[in-house]
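Here's the structure we're looking at; comments come further down.
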Amino acid sequence: MIIGTAGHIDHGKTALVKALTGIDADRLAEEKRRGITIDLGFAYTDTPGGTFGFVDVPGHERFVHTMLAGATGVDAALLVVALDDGVMPQTREHAAILDLLGIDRGIVALTKSDIAGDNFPPVADEVRDLLAPTGLHDAAILPVSALTGAGIAALTEVLRTLGSKRRDTTGHPRLAVDRAFTLSGVGLVVTGTLVAGRIAVDDRLMLSPPGLELRVRGLHAQNRAATTAEAGQRVALNITGPRLSKDAVTRGDWVLHPDVHAPTAALDARLRVLAEEPAPLRADTPVHLHLGAAHVMARVHPLEGERIRPGENALVRLTLDRPIGALAGDRLVLRDAGASRTIGGGSVIDPFPPTRGRRTPARLAQLAALEAPEPHVALRQLLALSPGWADRARFLRARNLPAEAAETVQQAAPAVTLADLLLAPATRDALQQEVLQTLAAGHAGAPDQPGLQPERLRLQLTSRPPPAAFRALIDALLRRGTVRQDGAWLRLSTHQIRLSAADERIWPQIRAALAVERFRPPRTRDLAQALSIPEVAMRGVLKRLQRVGRLLELAPDHCFLRETVAEMARIAAGLAAEDPARQVTAAAFRDRLDNGRKVAIQILEYFDRVGFTARTGDARSVREDRLALFGPAEPNTEETS
Ligand SMILES: Nc1nc2c(ncn2[C@@H]2O[C@H](COP(=O)(O)OP(=O)(O)OP(=O)(O)O)[C@@H](O)[C@H]2O)c(=O)[nH]1
Ligand SMILES: [Mg+2]
């Protein structure tokens with residue numbers, strides 16, 4: 001369990017931590033000289049119930065940003081108020097910050113009881129008033145003296161009853177780095193709170209935002225050497241990586257699983273403005289944004305009205321001066337541009353928001369859906385909105401859901417995966433229905449066409465799924481056999497192409513012309529002349545006749561009757577059968593067909609292309625089992641498709 005101190009300067013936080021643990025958390029020379037805390041201090045004490053880790057923060061008004069880096073990720077607060085001083089400005093500010101961070105367990109220690117006379121009742125009242133509207137309204141208030149030790153035992157007892165926060169141990173690991181140093185003989189060490197997941201020695205993780213790969217060489221959890229650490233513990237990691245050094249690490253960075261490395265410079269959040277604020281928060285206000293242990297300048301843009309009044313909460317877009325690591329549910333605190341006071345805070349709803357249309361009703365509805373804390377509820381609500389799907393990788397990353405957790409959430413939502421999208425099963429089914437209906441309508445409108453080209457089909461769908469998801473949808477239909485693909489065309493498996501009446505009228509003449517010298521039929525131009533049809537029109541007719549399987553174009557502009565091709569294939573097979581080497585040569589084939597060397601070779605090359613023959617040197621072997629490629633050798637006037 002990790003406990004964070006809070007409270008006004010000089011009220012006795014560090015002295016109290018020392019009384020509880022025996023450890024002086026002020027380790028810097030400057031801290032000792034000035035008698036104040038400047039940087040975060042850490043102390044641990046073992047109790048029968050487990051290890052208590054204390055994060056000791058500075059109370060000085062100039063170091064509130066440091067207090068924020070320390071307070072993030074603690075389980076409970078130890079709010080310190082000196083009995084001889086009472087509630088002071090940073091008592092108020094720290095209490096507000098604890099509340100904004102969602103810290104709802106804690107104890108109030110009223111320190112310096114040895115010099116406070118009978119101040120306890122009025123100061124306790126003051127504190128109770130301060131905490132009444134916060135998550136700490138039920139916190140016990142105890143008088144203590146770090147000097148005499150009075151009340152320390154009782155304080156320890158109550159601390160033990162607090163219990164730690166529930167942590168997400170199933171997510172990818174995320175450690176909010178608050179310190180980095182090098183130890184001689186050990187190397188680079190980073191420390192921080194593990195807010196999610198587990199880390200084990202030898203894990204390959206990443207320093208984010210810099211995006212530097214690293215390996216965990218060793219670790220301490222709650223100040224003890226260990227092989228694994230889990231969410232909720234304070235962790236020190238000894239890390240190494242090719243481009244890693246102390247200078248590469250900044251307080252506020254994350255050590256995390258590469259799948260959740262996605263620095264972002266825009267966040268959509270629910271923001272509460274403190275009731276004590278003197279004026280409404282206006283659009284475009286510059287602020288200090290604190291999230292995790294990070295701290296960055298940002299601007300606030302209310303998404304609904306133009307301003308947010310004190311005490312109100314609202315949806316906002318935060319635009320950051322530089323990208324930071326943030327995920328949905330992360331708490332954030334805003335301070336004014338001069339860093340003199342805390343303005344408000346809240347939590348991230350969408351860490352990867354769209355650039356455009358941020359205030360549209362559709363977008364606000366999405367945010368309302370995403371605000372549900374349970375991921376499967378958020379997903380269900382999101383998928384019920386237009387357009388009916390969500391980017392899978394983005395949703396899972398924002399919610400820190402690794403594969404196994406993703407499956408559970410998808411089942412509970414429910415949601416199915418279609419390429420890179422998530423959608424409700426009903427939406428997927430409706431899309432498939434629409435594909436089938438659109439194909440059917442297309443066939444009805446153009447019976448002489450082989451079907452629809454995929455992109456044409458996609459654009460005809462009312463909801464226009466993105467290309468990859470559309471492809472996955474079609475693939476499923478192809479696997480099921482309901483839809484077939486012929487070259488560039490998609491069709492219902494039941495669709496049979498039909499020639500137009502005009503094509504049917506001209507077919508007997510073409511057929512007769514091609515049959516005269518069937519092994520060397522006229523080419524397109526000659527055919528057009530012979531039948532007095534413009535060449536372009538003839539080419540179109542021939543193309544359609546090929547589609548219904550009556551002709552085959554063996555060489556450019558050289559069509560053969562389908563049954564003639566079948567006959568020639570049989571002839572090739574026969575020649576091979578007669579040959580001692582079981583092969584057919586171009587010369588033998590030409591002699592049998594009497595159609596000239598060039599045409600004979602073109603036919604054989606066509607056979608090669610479709611895998612009926614295989615060439616070795618001058619001769620070819622024949623795959624007799626593939627004769628069916630060309631259909632029956634007898635003329636067949638039925639449509640074949
Ligand atoms: N008499 C008395 N003095 C105390 C007690 N606790 C702390 N002090 C004194 O108060 C002064 C401030 O104590 P710290 O523990 O440094 O105060 P702090 O809250 O950590 O101060 P910052 O970290 O700078 O905000 C020191 O001189 C302490 O010796 C106490 O219980 N009784
Ligand atoms: Mg201190």
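Just so it is clear, the values below take in all heavy atoms, side chains as well, and ignore hydrogens, waters and symmetry mates. Each ligand, and each atom within it, is numbered from 1 in the order the structure gives.
Within the 4.0 angstrom cut-off, atom 28 (C) of ligand 1 has no protein heavy-atom neighbours. Checking atom 2 (C) of ligand 1 against the protein gives a heavy-atom contact under 4.0 Å. Put simply, atom 25 (O) of ligand 1 has protein non-hydrogen atoms near it, under 4.0 Å away.
In this structure, of Asp10, Val80, Leu147, the residue bringing a heavy atom nearest to atom 21 (O) of ligand 1 is Asp10.
Between the side chains of Arg299 and Thr285, no donor-acceptor pair is found at a separation under 3.5 Å.
Within ligand 1, the atoms closer than 4.0 Å to a non-hydrogen atom of Ala146 are 6 (N), 30 (C), 31 (O), numbered from 1 in the order shown. Close approach to Ile36 involves these atoms of ligand 1, each under 4.0 Å from a residue heavy atom: 24 (O). The ligand atoms of ligand 1 that sit less than 4.0 angstrom from a heavy atom of Ile9 are 24 (O), 25 (O).
Under the ring-ring contact (aromatic ring centres under 6.0 Å, His included) criterion, the residue pairs touching residues 144-191 are His172-His257, with sequence neighbours excluded. Pairs of residues two or more places apart, or lying in two chains, never qualify as ring-ring contact (aromatic ring centres under 6.0 Å, His included) while including a residue from residues 104-137.
Listed by chain and number, the protein N, O or S atoms at a distance under 2.8 Å from the Mg ion (ligand 2) are Thr14 OG1, Thr37 OG1.
Arg331 has its side chain out of reach of Leu100: every pair of non-hydrogen atoms, C-beta onward, lies at least 4.5 Å apart.
For His295 and His288, the distance between ring centers is under 6.0 angstrom.
For atom 7 (C) of ligand 1, the closest non-hydrogen atom of the protein is Ala15 CB, 3.4 Å.
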Show me the donor-acceptor pairs within less than 3.5 Å that the side chains of residues 271-283 make with the rest of the protein, sequence neighbours left out.
| from | atom 1 | to | atom 2 | distance (Å) |
| --- | --- | --- | --- | --- |
| Arg272 | NH2 | Asp99 | OD2 | 2.9 |
| Glu277 | OE1 | Arg341 | NH2 | 3.0 |
| Glu277 | OE2 | Arg341 | NE | 2.8 |

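The aromatic rings of Phe63 and His60 are tilted relative to each other, their planes meeting at an angle between 30° and 60°.
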